[in-house]
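Model, not experiment: these values are computed from the prediction. Every chain is numbered from 1, with letters handed out A, B, ... down the list of sequences.
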Amino acid sequence: MAARFNPLEADARWQKVWEEQGTFHASGDGARPRAYVLEMFPYPSGRIHIGHVRNYVMGDVLARYKRMNGFDVLHPMGWDAFGMPAENAAMEKKVHPGEWTWSNIDTMRAQLKLMGLAIDWTREFATCDPSYYGHEQALFLDLYEAGLVYRKQSEVNWDPVDMTVLANEQVIDGRGWRSGAPVERRKLSQWFLRITDFAEELLDGLGRLDQWPDKVRLMQENWIGKSQGLRFRFDLASVEAKERPSTGSGRTEGSLEAQSVRAEPVEALPSSFEVFTTRPDTIFGASFAAISPDHPIALVLAKDNDALTAFIAECKQGGTTAAELETAEKKGFDTGIRVIHPLDPDWSLPLYVANFVLMDYGTGAIFGCPAHDQRDLDFARKYGLAVTRVVAPSPEEADEPIGDEAYSGPGRLVNSRFLDGLTAEDAIREVIARAEAEGWGEGTTVWRLRDWGVSRQRYWGTPIPIVHCDACGPVAVPRDQLPVVLPEDIDFETPGNPLDRHPTWSKVDCPDCGGAARRETDTLDTFVDSSWYFIRFASQPGDAPFGRAEAERWLPVDQYIGGVEHAILHLLYARFWTRALRRIGKLDVEEPFRGLFTQGMVTHVTFQDADGKWLTPEEAESHSGPVTRGRIEKMSKSKRNTVDPEPIVDQYGADAVRWFMLSDSPPERDLEWSEAGIQGSWRFVQRIWRLAAEEAERGTSTWLGDGEDPAVDRKAHRTIAAVGANIESLAFNKAVANLYELTNALEKAPASPSRSRAVEILIRLAAPMVPHLAEEAWAAMGREGLIARAEWPAADPALLVEEEVTIAVQVNGKLRDTLTAPKGAAREALEEMALASEKVARILEGKAPRKVIVVPDRLVNVVS
RNA sequence: GCCCCCGUGGCGGAAUUGGUAGACGCGCUCGACUCAAAAUCGAGUUCCGCAAGGAGUGCCGGUUCGACUCCGGCCGGGGGCACCA
């Protein structure tokens with residue numbers, strides 16, 4: 001038997017055996033319980049980097065562990081293959097996005113296979129394949145027919161020079177990334193999915209996802225953003241230099257819906273509009289009302305008001321991101337109109353158009369209470385509006401002036417007429433009750449969540465299966481004409497969507513009337529692709545997106561693993577899509593992912609030369625000029641600090657790389673890459689090998705040694721329990737430490753049958769992490785079959801029980817001594833032993849302790 | 001700006017979730033083996049101190065017999081913010 005494990009030879013050999021034997025095929029025959037382990041599928045960006053390896057190795061350990069525990073494991077792999085980088089490559093390298101993508105897939109598949117992942121490759125697919133996206137188009141039409149898809153105007157980033165839509169990522173400091181022109185917001189008619197119809201159940205469902213990290217559930221909860229509040233009506237009081245429309249009525253009591261002017265464009269100025277507030281208690285602190293620049297009233301007023309038109313145009317500058325909108329300077333335009341306070345007909349407030357009021361949230365209109373909202377306060381100070389305190393933490397502070405900071409804390413109402421003295425909560429209820437009784441408003445729920453805009457003005461995505469006909473409007477592409485396939489002959493010479501410019505692709509006959517019509521040239525958001533791929537992995541018939549019964553047997557995914565950066569969008573969209581399929585009767589699965597684990601990034605040092613040019617670590621080492629060692633950052637192509645696993649695997653073998661990825665850093669936290677670590681892992685792989693080789697040479701059928709070694713037995717069985725528990729909770733770094741401890745103990749232990757058994761246990765426990773080594777050792781020790789299919793050892797409960805425990809002896813909470821006691825010793829006995837300690841006696845100086853706290857099997861704390 | 005997370009030796013981290021802080025690994029030091037090196041093995045390694053002892057989990061304060069753990073306030077770093085995936 002070789003003195004060293006040689007991965008360069010062994011890795012490929014075992015990978016071939018696994019492949020030939022179909023070791024990792026999910027059978028789905030129902031003979032064993034099922035487990036579905038899934039890592040977020042990769043975008044084929046070029047080559048695998050070490051961050052991918054970390055992600056897939058984690059899932060792999062769990063998948064192999066589950067298989068050893070008797071599960072029929074589904075552990076698939078595919079490619080999230082549509083996206084912008086392929087189009088960028090097309091522009092820069094003059095290569096077709098498809099060609100670029102498929103070639104990346106080939107490279108990355110080969111690289112992943114080098115890692116020895118226990119994947120069922122028979123289920124692999126790429127989302128850019130018509131055999132995938134055609135089914136996606138069918139699902140889109142299902143949702144369309146169910147009324148869950150609609151079209152509306154929505155804003156995009158517009159590059160006025162390149163005349164093209166920009167992704168948020170393509171807007172750098174408010175400018176187009178290629179043209180450098182200041183970006184504007186422009187309205188476009190786009191397709192939306194009604195995720196807001198599911199807001200309540202998506203929020204509700206979070207409560208039952210008990211195998212999700214709390215922080216992800218909290219983030220989704222905040223994202224969905226349920227707010228209770230009051231929606232109420234402001235009547236317009238006067239319109240300066242403008243005749244007020246005489247109508248004013250037409251509304252019926254209590255029917256605010258009929259009165260709503262929220263989204264509908266209007267021709268003439270209405271007599272009233274609605275605002276929404278979560279703080280109706282502060283209504284007597286109101287000092288202004290404000291509407292969004294997109295509000296119908298603003299648009300009507302702008303028709304013959306050039307200054308307002310200019311102001312609205314000014315508000316359109318800049319991109320669409322929340323960060324940009326919210327950090328923009330708060331600006332307002334006084335319309336000259338005044339609105340009547342709902343609780344006092346003699347009190348009127350100025351009406352502003354303000355850039356910070358979002359048309360998408362609530363009613364697109366607000367009332368401002370500067371004393372208790374920081375944004376309103378800033379606005380009031382800027383425009384010289386009144387600031388009246390209406391909530392005070394104590395009666396003495398009722399007239400305490402508000403400085404630069406709004407008061408958002410608790411307290412009771414002041415300066416608020418009939419509300420004075422009430423708590424804020426009671427005042428909220430009181431105002432809502434009064435509004436409802438008097439008919440000027442009603443308590444309501446609003447959501448921060450907006451509908452999901454899925455239109456993208458890009459080529460490399462799933463074509464939206466709709467035809468636009470002048471006579472019939474938007475018409476669904478008939479099912480028998482799916483998939484709508486992307487044209488191959490396209491050009492990326494000019495910016496914008498090549499589908500738009502294609503001479504023939506979009507020209508089709510209307511499926512309804514047969515007249516000349518035009519294909520939708522927008523493609524679907526790539527988040528749609530990733531919202532159902534896990535269903536397709538479970539079941540992939542040729543003639544349907546999935547087979548319902550088969551998919552329902554595998555789903556939900558038992559353990560989903562991926563980057564925390566997907567905590568909101570991808571995970572929320574996938575949850576929505578799954579629920580939408582349930583609602584339309586296609587798939588009876590409530591939640592797609594039962595268990596979720598969000599892992600940290602792999603980081604690495606960065607280097608720059610004197611000119612600020614980024615250098616790879618290798619370049620930095622051999623660079624002639626001065627080199628600055630930069631921050632440790634997330635691996636990215638642009639910072640040139642990515643680490644390609646392939647040369648490292650070539651040098652150390654897959655197992656050392658796998659082991660290193662699992663060591664040290666807790667998986668949910670970032671891991672800093674270092675070569676020093678990988679050498680340690682290499683050494684460990686060899687240490688296990690030496691133990692196995694030694695036992696193999698000794699020959700386990702004729703175990704030598706001087707009999708049993710109970711300490712080794714106990715250590716081995718405690719390790720079984722600990723490693724199992726730690727793998728199940730994905731605490732791989734702790735499982736690694738457990739295996740190090742066992743290895744250390746076995747290296748020191750003299751030969752014995754116990755030790756021989758323990759070495760075999762060690763090999764089995766390590767198998768999910770270092771599978772090639774484990775197979776090699778398994779074979780060398782003369783075991784039958786593959787260790788990949790061997791059983792996980794069972795821990796003997798009798799060997800897990802401790803007989804003696806070390807008790808900490810504290811005086812006033814400080815450790816002064818320790819003592820050894822039998823497990824389960826009585827409190828009195830422990831107290832007596834502790835007080836007998838010389839060290840304790842010395843500190844007590846003969847005085848009697850005031851109190852003694854005993855925690856059985858743990859500690860005694862003497863309080864003096 | 002808003003939401004979320006993280007902060008422990010020279011470094012990565014552990015601590016049964018309020019009960020002996022620093023398991024395990026990396027690095028380093030000393031020693032063994034070697035002509036030498038690599039590999040391997042042994043001992044040591046939070047800080048101050050010869051020691052006794054003292055200090056110590058980003059900072060300040062609080063709760064508790066007892067706080068890395070809970071609470072309040074700060075500082076620093078990271079992720080997400082709806083067209084990056």
Side-chain angles (χ1 to χ4, degrees), chain A residues 3-4 40 42-43 45 80 82-85 156-157 165-171 190 195 213-216 218-223 225 319-328 330 356 360 374-375 448-458 525-527 529-530 563-570 572-573 598 600-601 603 631 633-634 660 663-666 668-672 674 676-681 683-684 686-687 690 731 733-734 736-741 744 747 806-818 849-853 855 858-864:
Chain A
R4 272 205 181 191
M40 292 178 186
Y43 178 78
S45 54
D80 188 14
F82 276 136
M84 266 196 331
V156 293
N157 299 307
V165 176
L166 297 177
N168 286 334
E169 193 189 46
Q170 298 171 317
V171 179
Q190 309 203 65
I195 189 172
D214 288 342
K215 66 167 178 174
V216 174
L218 188 57
M219 281 193 271
Q220 292 215 351
E221 187 182 323
N222 290 334
W223 185 262
T320 58
T321 65
E324 216 173 326
L325 296 176
E326 283 170 41
T327 53
K330 308 289 177 279
F356 60 85
D360 288 326
Q374 191 60 42
R375 196 186 51 193
R448 208 185 76 96
L449 183 68
R450 305 199 300 262
D451 275 334
W452 176 13
V454 293
S455 296
R456 297 292 180 273
Q457 295 69 42
R458 270 187 268 289
D525 181 3
T526 57
F527 275 126
D529 309 338
S530 53
V564 68
E565 66 273 18
H566 294 294
I568 297 173
L569 293 179
H570 161 58
L572 191 63
Y573 290 147
T598 54
M601 301 174 300
T603 59
R631 294 197 313 159
E633 290 191 71
K634 176 181 178 172
F660 177 62
S663 305
D664 295 349
S665 273
E668 69 277 9
R669 227 184 280 176
D670 292 350
L671 164 64
E672 191 197 336
S674 83
I678 188 72
Q679 281 167 22
S681 297
R683 282 200 292 272
F684 181 71
Q686 296 302 341
R687 282 171 67 193
R690 277 195 298 276
N733 57 322
K734 295 184 214 170
V736 161
N738 299 146
L739 291 174
Y740 269 117
E741 283 194 57
N744 289 344
E747 283 173 345
T806 306
I807 305 287
V809 179
Q810 299 179 336
V811 177
N812 296 329
K814 276 196 187 294
L815 182 72
R816 295 298 176 182
D817 202 358
T818 59
R850 279 200 295 148
K851 193 172 169 187
V852 179
I853 285 145
V855 182
R858 287 225 150 272
L859 63 70
V860 179
N861 186 15
V862 179
V863 184
S864 67

>> Nearest to the A/Thr321 side chain among B/A14, B/A82, B/A85, which nucleotide is it?
In response: B/A82
> So which nucleotide from B/U20, B/A82, B/C4 ends up closest to the side chain of A/Lys215?
Replying inline: B/C4
>> Could you check whether any side-chain heavy atom of A/Val862 comes within less than 4.5 Å of a side-chain heavy atom of A/Arg816, counting everything from C-beta outward?
In response: no
> Does the side chain of A/Arg816 get closer than 4.0 angstrom to OP1 or OP2 of B/G66 through an N or O atom?
Replying inline: no
> Considering only B/A15, B/C83, B/G27, which nucleotide approaches the side chain of A/Asn157 most closely?
Replying inline: B/C83
> Does the side chain of A/Val736 reach to within under 4.5 Å of the side chain of A/Phe684, using non-hydrogen atoms?
Replying inline: no
>> What's the closest nucleotide to the side chain of A/Asn744 if the choices are B/C65, B/A82, B/C24?
In response: B/C24
> Would B/G31 be called syn or anti, given that syn covers angles within 90° of 0?
Replying inline: anti
> Would one find a side-chain N or O of A/Ser665 under 4.0 angstrom from OP1 or OP2 of B/G13?
Replying inline: yes
> Which of these nucleotides, B/A21, B/C84, B/C41, is closest to any side-chain atom of A/Leu815?
Replying inline: B/A21
> With respect to the side chain of A/Arg669, which nucleotide from B/A82, B/A14, B/C3 is positioned closest?
Replying inline: B/A14
>> Check this one for me: any side-chain N or O of A/Asn733 less than 4.0 Å away from OP1 or OP2 of B/G25?
In response: no
> For A/Lys814 and B/A55, is the shortest distance between a side-chain N/O and OP1 or OP2 below 4.0 Å?
Replying inline: yes
>> Regarding A/Arg687 and A/Asn744, do their side chains bring together a donor and an acceptor under 3.5 Å, going by distance alone?
In response: yes
> For residues A/Thr320 and A/Asn168, is any side-chain donor paired with an opposing acceptor at under 3.5 Å?
Replying inline: yes
